[in-house]
**Student:** 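Once you've had a glance at the structure underneath, I'll fire off some questions.
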Amino acid sequence: NALQAPPPIKHDSDDDSYEVLDLTEYARRHHWWNRLFGRSSGPIVEKYSVATQIVMGGVTGWCAGFLFQKVGKLAATAVGGGFLLLQIASHSGYVQVDWKRVEKDVNKAKKQLKKRANKAAPEINTLIEESTEFIKQNIVVSSGFVGGFLLGLAS
């Protein structure tokens, strides 16, 4: 059976005998994804041809780029439109904006963001390292994704 543990190591003590299971060796030989997806699963490099990897990366990249473009346009329109309406309402006398208070609140928010960014730096570095390692292991799919993403942004 593929999910059997390695034979336990028996140690005798004065009173009892006990078993030691080497979990690191077990985990090294039985990856969790093998149980979920079967023995043939693993890095994409081992399973598909270069052409298939480029197409898969390109298609997913194009979809991500296209969605990124549409959502970005929508967000820019919403923010710009809201600011425009606020300026028109302020100029017409409907709304009185205390710009000194706005500036003070923005500066306060900047300071809080800097504090949080300094605390989050180790997690961000770990994420960057993991992403870099993934890209190195799947360079063909990653390059297809980048190309597709740029095409999706342009379409």
Side-chain angles (χ1 to χ4, degrees), residues 2-3 5-6 20-155:
L3 297 178
V20 175
L21 179 61
D22 188 2
L23 291 178
T24 56
E25 183 62 32
Y26 178 78
R28 192 175 296 124
R29 288 192 287 138
H30 299 94
H31 296 290
W32 61 271
W33 60 78
N34 287 344
R35 281 182 266 149
L36 288 176
F37 304 113
R39 282 298 223 190
S40 64
S41 65
I44 198 167
V45 175
E46 298 171 0
K47 294 183 358 182
Y48 298 105
S49 69
V50 172
T52 304
Q53 292 179 50
I54 290 174
V55 168
M56 286 173 34
V59 168
T60 56
W62 182 86
C63 291
F66 186 77
L67 286 173
F68 189 80
Q69 174 206 32
K70 294 299 179 187
V71 169
K73 281 184 180 178
L74 181 65
T77 302
V79 170
F83 185 72
L84 180 66
L85 288 175
L86 179 64
Q87 286 293 80
I88 291 171
S90 175
H91 185 69
S92 300
Y94 289 108
V95 177
Q96 193 68 22
V97 179
D98 185 2
W99 289 109
K100 296 219 185 262
R101 184 172 177 191
V102 170
E103 184 179 0
K104 185 179 90 176
D105 289 345
V106 167
N107 289 334
K108 184 178 175 184
K110 275 197 231 180
K111 288 178 185 176
Q112 288 178 350
L113 281 174
K114 283 183 182 178
K115 286 180 184 177
R116 289 183 185 170
N118 291 338
K119 289 180 183 177
E123 290 89 9
I124 292 172
N125 288 337
T126 303
L127 179 65
I128 290 171
E129 289 171 9
E130 289 174 359
S131 301
T132 304
E133 188 62 30
F134 175 81
I135 290 170
K136 285 179 185 177
Q137 289 177 354
N138 299 294
I139 191 68
V140 177
V141 175
S142 301
S143 59
F145 181 87
V146 169
F149 185 82
L150 294 174
L151 286 174
L153 280 177
S155 62

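Quick note: residue numbers are just sequence positions, from 1. The structure presented is a predicted model; accordingly, all values stated were derived computationally and were not measured. Note: hydrogens, waters and symmetry copies are ignored here, and every other heavy atom, side chains too, is used.
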**Student:** Could you check if a side-chain atom of Phe134 sits within less than 4.5 angstrom of a side-chain atom of Asn138, using non-hydrogen atoms only?
**Tutor:**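 Touching, per the 4.5 Å side-chain cut-off.
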**Student:** Working to the nearest 0.5 angstrom, can you tell me the gap between Ser143 OG and Ile139 CD1?
**Tutor:**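 Ser143 OG to Ile139 CD1: 6.0 Å, rounded to 0.5 Å.
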**Student:** So how far is it from Lys100 NZ to Glu103 CD, rounded to the nearest 0.5 Å?
**Tutor:**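 Lys100 NZ to Glu103 CD: 7.0 Å, rounded to 0.5 Å.
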**Student:** Is the ring centre of Phe149 less than 6.0 Å from the ring centre of Phe68?
**Tutor:**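 Yes, close enough.
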**Student:** Check Leu153 against Gln69 and note the closest heavy-atom contact, atom names and distance.
**Tutor:**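 That would be O-NE2, 3.4 Å.
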**Student:** Would you say the side chain of Leu74 lies within less than 4.5 Å of the side chain of Lys70, judging by non-hydrogen atoms?
**Tutor:**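 The answer is no; the side chains never approach within 4.5 Å.
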**Student:** Mind listing the closest non-hydrogen atom pair of Trp62 and Ser155 along with its distance?
**Tutor:**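 Looking at all heavy atoms of both residues, the shortest contact is NE1-OG, 3.3 Å.
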**Student:** Mind listing the closest non-hydrogen atom pair of Ile135 and Ser142 along with its distance?
**Tutor:**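 Looking at all heavy atoms of both residues, the shortest contact is CA-OG, 3.7 Å.
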**Student:** Where do Phe145 and Thr60 come nearest, in terms of heavy atoms and distance?
**Tutor:**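 Minimum heavy-atom separation between Phe145 and Thr60: CD1-OG1, 3.5 Å.
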**Student:** Say whether, by atom type as modelled, one donor and one acceptor occur between the side chain of Thr132 and the main chain of Ile128 under 3.5 angstrom.
**Tutor:**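 Pair found, side chain donor or acceptor close to backbone of Ile128.
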**Student:** Please name all residues satisfying side chain to side chain donor-acceptor pair (under 3.5 Å) with Thr52, sequence neighbours left out, ordered by chain then number.
**Tutor:**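 So Thr52 forms a side chain to side chain donor-acceptor pair (under 3.5 Å) with Ser49.
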**Student:** Drop me the distance from Leu113's CG to Lys108's NZ, to the nearest 0.5 angstrom.
**Tutor:**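 Reported value, rounded in 0.5 Å steps: 12.5 Å.
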**Student:** Do Gln87 and His91 come close enough that some side-chain heavy atom pair is under 4.5 Å?
**Tutor:**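 In short, these two side chains do not touch, never coming nearer than 4.5 Å.
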